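Data block below; observations after.
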Amino acid sequence: MGDTADNYPGVKGIGEKTAIKSLVEYGSVEGIIENLAQPPKGVRTKIETQLDMLHLSRDLARIRCDAPLECALETAAWVLDGHSVIAKFEELEFKGLMKLIG
């Protein structure tokens, strides 16, 4: 199944109900592919003709835990420059926000 919000193409014609049913029955996308002879002909045909979209969508949705980090965590921390914030709030007349950081 695709996801328009995240721009995953999915297999055209396979909706949420069919996707969930197939995943529950076969355990994973790999399980669906290994058992491609089992689903009803309509579902099987859609998957077979759009196998490349199935692989692409799975790859796009995969959470990468092995992505290399280019910086140390300490350098990624956001540090508030209080003087700059106060100056900007005064410039923009954000009196209510000034009380929060004052």
Side-chain angles (χ1 to χ4, degrees):
M1 159 182 134
D3 185 336
T4 56
D6 291 322
N7 205 23
Y8 305 153
V11 174
K12 191 173 182 175
I14 301 288
E16 183 176 4
K17 289 179 184 177
T18 303
I20 290 172
K21 181 181 176 199
S22 298
L23 287 170
V24 167
E25 191 168 340
Y26 302 109
S28 66
V29 172
E30 291 78 15
I32 295 169
I33 294 168
E34 289 170 6
N35 294 286
L36 206 47
Q38 302 300 319
K41 185 176 180 181
V43 173
R44 181 174 58 241
T45 302
K46 289 172 186 172
I47 294 172
E48 287 173 342
T49 58
Q50 298 180 57
L51 203 51
D52 56 336
M53 286 295 122
L54 177 68
H55 290 300
L56 175 63
S57 296
R58 178 185 51 187
D59 193 43
L60 290 171
R62 182 171 285 134
I63 296 173
R64 308 266 189 243
C65 296
D66 59 346
L69 296 177
E70 298 284 328
C71 65
L73 187 58
E74 298 80 35
T75 62
W78 181 62
V79 179
L80 178 68
D81 178 2
H83 296 293
S84 296
V85 172
I86 291 170
K88 184 54 83 173
F89 283 0
E90 286 174 348
E91 175 189 338
L92 299 172
E93 300 178 9
F94 288 168
K95 294 178 178 131
L97 291 175
M98 290 286 292
K99 294 175 187 174
L100 294 175
I101 63 167

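From a predicted model like this one, the values you see are computed outputs, not experimental measurements. Residue indices begin at 1 and follow the sequence shown.
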Task: Side-chain donor/acceptor of T18 to backbone N/O of I14, under 3.5 Å - done: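 No; judged by distance alone, with no hydrogens or angles, the pair does not exist.
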Any side-chain heavy-atom pair of [X] and [Y] under 4.5 Å:
{"X": "H83", "Y": "I86", "answer": "no"}
{"X": "H55", "Y": "I33", "answer": "yes"}
{"X": "L54", "Y": "V29", "answer": "yes"}
{"X": "M53", "Y": "K12", "answer": "no"}

Tell me whether [X] shares a hydrophobic cluster with [Y], the cluster being built from Ile, Leu, Val, Met, Phe, Trp, Tyr side chains joined at under 4.5 Å.
{"X": "Y26", "Y": "V11", "answer": "yes"}
{"X": "V85", "Y": "V79", "answer": "no"}
{"X": "L92", "Y": "L100", "answer": "yes"}
{"X": "L80", "Y": "F89", "answer": "yes"}
{"X": "L23", "Y": "L51", "answer": "yes"}

Locate the shortest heavy-atom distance separating [X] from [Y]; write the atom from each residue and the value.
{"X": "C71", "Y": "A76", "value": "SG-CB, 4.3 Å"}
{"X": "L60", "Y": "N7", "value": "CD1-O, 4.3 Å"}
{"X": "P39", "Y": "V43", "value": "CB-CG1, 4.0 Å"}
{"X": "P9", "Y": "L56", "value": "CG-CD2, 3.9 Å"}

Open item on the list: Can you list, by chain and residue number, the hydrophobic cluster partners of M1 when the side-chain cut-off is 4.5 Å?
Closed with: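 ILVMFWY cluster around M1 holds nothing else.
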Task: Whether over 12 other heavy atoms sit under 6.0 Å from E16 CD - done: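 No, CD of E16 has 12 or fewer neighbouring heavy atoms, counting only those of other groups under 6.0 Å.
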- [ ] Working to the nearest 0.5 Å, report the span between OG of S28 and CZ of R58.
- [x]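 Between S28 OG and R58 CZ, I get 8.5 Å after rounding to 0.5 Å.
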Task: salt bridge (Lys or Arg N to Asp or Glu O under 4.0 Å) partners of E91, counting only residues at least two apart - done: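 With neighbours one apart ignored, the set is K88.
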- [ ] Could you walk me through whether R64 and D59 pass side chain to side chain contact (heavy atoms under 4.5 Å, CB included), step by step?
- [x] CA-CA 10 Å; R64 308 266 189 243; D59 193 43; 2.6 Å; yes
